[in-house]
There are 2 protein chains.
Amino acid sequence: MRNNGKATIREVAREAGVSIATVSHVMQGKASLHTTETVQRVRSIAEGLAYSPNRVAQSLSSRRTKTLGLVIESRIAGRFTTNPFCTAVLDGFLECTSEADYQVKIVSLRQDDLEYVANCIGDGSMDAVGLLAPTVDGPLITWARTARIPNVLIGSLPDEVRLSGVDVDDSTTVYEVVCWLIALGHRRIGIITGPPTQWSALRRENAYLRALEEAGLEQDPALRYVGNYEPSSGNAGVTALLMADPPPTAVICGNDSVAIGAIETLHKMHIRVPEDISIVGFDNHEIAKLSRPPLTTIRQPLHEMGMKAAEMLMNAMDHGGVLAPSVVIFPGSLVKRRSVCKPPERSIRGGQ
Amino acid sequence: MRNNGKATIREVAREAGVSIATVSHVMQGKASLHTTETVQRVRSIAEGLAYSPNRVAQSLSSRRTKTLGLVIESRIAGRFTTNPFCTAVLDGFLECTSEADYQVKIVSLRQDDLEYVANCIGDGSMDAVGLLAPTVDGPLITWARTARIPNVLIGSLPDEVRLSGVDVDDSTTVYEVVCWLIALGHRRIGIITGPPTQWSALRRENAYLRALEEAGLEQDPALRYVGNYEPSSGNAGVTALLMADPPPTAVICGNDSVAIGAIETLHKMHIRVPEDISIVGFDNHEIAKLSRPPLTTIRQPLHEMGMKAAEMLMNAMDHGGVLAPSVVIFPGSLVKRRSVCKPPERSIRGGQ
DNA sequence: CTGAAAGCGCTTACAG
DNA sequence: CTGAAAGCGCTTACAG
């Protein structure tokens with residue numbers, strides 16, 4: 001009796017009068033290896049001793065931890081509380097892993113240098129990892145390129161053929177949203193982007209530009225504001241975009257929090273949403289439908305993405321720990337609520 | 001070179017021409033044990049080989065995993081996404097652990113029987129655990145009573161002297177809120193409680209009853225609805241309370257989601273908030289200030305509670321793995337917004 | 001069907 | 001200041 005007083009395999013073996021190998025077999029459910037009598041004896045002794053295997057010892061011995069990591073870069077401010085993206089993915093991840101008797105470790109990186117990152121992730125305590133919305137050319141992506149363990153990026157996937165990941169098809173979705181706004185009659189469409197350190201932000205901006213171009217609309221830099229996914233960039237962004245001449249009649253925001261920040265500022269300026277300016281969010285976070293007006297936004301299947309990522313990782317572990325580069329893209333979908341309508345007859349500035 | 005191709009302590013030792021004990025010492029920063037020259041040689045070899053210790057082996061050998069668990073009972077629906085409580089606590093937990101080079105494992109229980117729970121938590125892969133809002137007499141509390149490893153309950157703390165935990169002083173806060181409502185002139189105050197499986201819900205209800213009693217007000221069962229922290233219990237709850245005679249002029253809700261559900265239903269019934277009925281929430285979740293009207297609610301310092309829990313656990317590990325039963329109670333605070341005002345001159349039913 | 005033995009990659013007294 | 005050795009609690013060929 002050591003180890004916090006927990007029984008060990010050795011004690012079970014002794015009491016049952018068998019070898020530890022036998023106990024190991026029985027505990028692993030390899031019952032067919034032994035006589036029914038042996039199996040039952042071992043089982044009842046194990047139960048009597050409240051024995052359960054030490055997972056650390058199992059891991060070291062079998063070279064499998066049955067633990068997946070979920071890694072967050074240091075720059076992601078506030079982590080889970082402020083980032084519905086992380087939270088929803090985590091839930092999906094947990095749902096999938098707990099069924100398979102895998103555990104999950106949250107790795108919250110505190111530095112950006114590659115050595116630190118590699119040591120954290122490669123400490124042997126995780127079989128494979130999901131990387132949450134890695135930064136463009138950041139430490140996570142750099143690490144992933146030469147990683148020794150299976151890994152999948154979750155969101156903000158770069159166009160790199162050697163990496164694996166799951167993401168939403170934000171490009172198509174944003175393109176379609178812009179086309180829809182144009183069809184509604186909007187000609188001056190602004191965008192408050194996410195930070196350029198995220199591929200998703202760059203991709204969405206490109207999709208936006210492409211839609212404008214194909215519609216023969218001018219791509220006015222004054223209609224683009226570089227935000228950071230925080231509500232404050234909604235406040236500042238919409239204020240900046242209003243300076244454009246003529247000002248936008250619709251604005252696409254980096255996420256729902258940004259959209260709510262934008263609406264808040266517009267309210268204060270007595271500019272009506274959507275009558276004067278239409279607003280589109282991103283994420284379909286719980287707050288989207290509580291917003292006044294309720295927010296038209298883009299849903300990402302984050303829960304499903306988390307599940308898929310976990311599944312890919314566990315699957316790789318079942319196949320020798322190798323994950324062939326593979327990418328799974330989920331469709332986004334537009335959730336229409338009340339923050340979008342036709343553009344006003346005349347511009348809020350008195351019209352063009 | 002095995003182990004995913006990672007260098008082991010053995011290889012570093014061989015290259016450096018020292019014993020593995022020496023490498024171990026150097027890696028642990030026990031530099032004073034050796035000559036500067038040895039230390040530097042080992043360090044540079046280790047770096048050249050990109051060596052970092054295998055955490056699993058360290059754990060088995062040292063009997064310390066430097067990993068904390070955060071455990072969620074199976075009944076908590078939706079986990080993190082739908083439960084701002086869990087999310088905020090997790091962030092606090094992470095903030096504290098990552099500084100101390102501890103890792104955190106999320107344990108999402110799938111069954112309620114004690115044996116399963118004990119095996120999950122007691123698998124040796126965690127040094128100590130935080131238990132999220134355990135159910136009254138549920139498996140987590142049962143486990144905690146005889147646990148072999150340090151543990152602290154986080155929220156919903158029962159009155160049990162042998163257990164450790166952190167919680168908010170919801171009792172005092174609810175009492176004060178009720179007194180405040182009474183001072184505003186309210187005489188018929190309803191409550192939509194949390195589920196009776198949570199101590200916090202029972203405690204809040206008791207505090208509510210006590211405040212009424214001390215003010216000499218009737219404790220009308222028709223003014224109490226047993227909810228479950230879901231928005232739908234706000235819808236159903238407020239509908240039920242409205243049947244009381246006379247109906248309430250103020251309602252205290254189990255959390256902010258419930259309050260928002262209640263407001264939604266009242267809107268549909270064309271009952272004004274707060275002019276006809278005042279509404280109080282709980283949590284000060286991000287949605288509270290987005291609500292129309294913005295929600296008067298009770299803030300719990302969840303982030304701080306998470307940090308404190310992690311600190312207590314790590315501290316216990318630094319003291320032989322024993323945690324003297326200790327309880328830390330944080331004050332709650334009332335966040336006044338616009339969903340509360342004086343009661344209407346006459347009841348919405350035509351008055352008493 | 002069962003067990004002895006080697007080994008997973010470390011840490012930690014202990015001896016020198 | 002340094003190293004040989006035992007041991008952490010298991011798994012897994014391998015031999016019988």
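Order of the sequence lines sets the chain letters (A, B, ...), proteins ahead of strands, with each chain counted from 1. Please read all numbers here as calculations on a predicted model, not as lab measurements.
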> Does a side-chain heavy-atom distance below 4.5 Å link F330(A) with D167(A)?
Replying inline: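 Heavy-atom side-chain distance check fails, nothing below 4.5 Å.
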> Do S52(A) and D123(B) have side-chain heavy atoms sitting under 4.5 Å apart?
Replying inline: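 Contact flag for S52(A)/D123(B) side chains = no.
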Nearest whole Å is fine: how far is [N] [atom2] from [X] [atom1]?
{"X": "L49(A)", "N": "dC10(D)", "atom1": "CG", "atom2": "P", "answer": "12 Å"}
{"X": "R14(A)", "N": "dG3(C)", "atom1": "CZ", "atom2": "C1'", "answer": "17 Å"}
{"X": "K66(A)", "N": "dC10(D)", "atom1": "NZ", "atom2": "P", "answer": "16 Å"}
{"X": "Q40(B)", "N": "dC1(D)", "atom1": "CD", "atom2": "P", "answer": "14 Å"}
{"X": "R64(A)", "N": "dC10(D)", "atom1": "CZ", "atom2": "P", "answer": "19 Å"}
{"X": "N54(A)", "N": "dC8(D)", "atom1": "CG", "atom2": "C1'", "answer": "9 Å"}
{"X": "R10(A)", "N": "dC10(D)", "atom1": "CZ", "atom2": "P", "answer": "9 Å"}
{"X": "R55(B)", "N": "dC8(D)", "atom1": "CZ", "atom2": "C1'", "answer": "17 Å"}

> Cut-off 3.5 Å, side chains only: do S156(A) and S200(A) have a donor facing an acceptor?
Replying inline: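 Result is yes, a qualifying pair exists.
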>> I'd like to know if the side chain of N151(A) and the backbone of G130(A) have a donor-acceptor N/O pair within less than 3.5 Å.
In response: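 No; judged by distance alone, with no hydrogens or angles, the pair does not exist.
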> With distance as the sole test, does T22(B) use its side chain to make a donor-acceptor pair with the main-chain N or O of V18(B) at under 3.5 Å?
Replying inline: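 Side chain of T22(B) to backbone of V18(B), a donor-acceptor pair under 3.5 Å: no, none is there.
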Between [options], which nucleotide has the shortest distance from any of its atoms to the side chain of [X]?
{"X": "Q28(B)", "options": "dT11(D), dG9(C), dT12(C)", "value": "dT12(C)"}
{"X": "S24(B)", "options": "dT11(C), dG9(D), dC10(D)", "value": "dT11(C)"}
{"X": "T22(B)", "options": "dT12(C), dG3(D), dG9(C)", "value": "dG3(D)"}
{"X": "T35(A)", "options": "dG9(C), dC10(D), dT2(C)", "value": "dT2(C)"}

> In terms of heavy-atom contacts, does CD of Q111(B) have more than 12 from other residues, nucleotides or ligands at under 6.0 Å?
Replying inline: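 More than 12 heavy atoms, drawn from other residues, nucleotides or ligands, come within 6.0 Å of this atom.
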> Does D159(B) CG have over 12 foreign heavy atoms under 6.0 Å away?
Replying inline: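 Incorrect, the count does not exceed 12.
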>> Both S61(B) and S19(B) contact DNA chain D. Which one's nearest nucleotide lies toward the 5' end?
In response: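 In this pair, the answer is S19(B).
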>> Here's a test of your reading of the structure: between I20(B) and M27(A), which maps to the more 5' nucleotide of DNA chain D?
In response: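 It is I20(B) whose nearest nucleotide is closer to the 5' end.
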> How many angstroms lie between atom NZ of K105(B) and atom CE of M126(B), to the nearest 0.5 angstrom?
Replying inline: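 So the gap between those two atoms works out to 6.0 Å.
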>> Checking base pairs now: Watson-Crick or wobble, both atom distances under 3.5 Å. What partners dG3(C)?
In response: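 Its partner is dC14(D).
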> How would you label the contact of V56(B) with the nucleic acid (heavy atoms, under 4.0 Å): base, sugar-phosphate, or nothing?
Replying inline: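 V56(B): no heavy atom of the nucleic acid under 4.0 Å.
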> So what does T38(B) hit on the nucleic acid, given a heavy-atom distance under 4.0 Å: a base, only sugar-phosphate, or nothing?
Replying inline: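 The answer is sugar-phosphate, as T38(B) gets under 4.0 Å only of primed atoms, P, OP1 or OP2.
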>> With a 4.0 Å limit, can you tell me whether T8(B) has a side-chain N or O closer than that to the phosphate oxygens OP1/OP2 of dG9(C)?
In response: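 No, T8(B) has no side-chain N/O under 4.0 Å of OP1/OP2 on dG9(C).
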Within the sub-3.5 Å range, which N or O atoms of nucleotides 13-16 of chain C have a protein N or O partner, and how far apart are they?
none

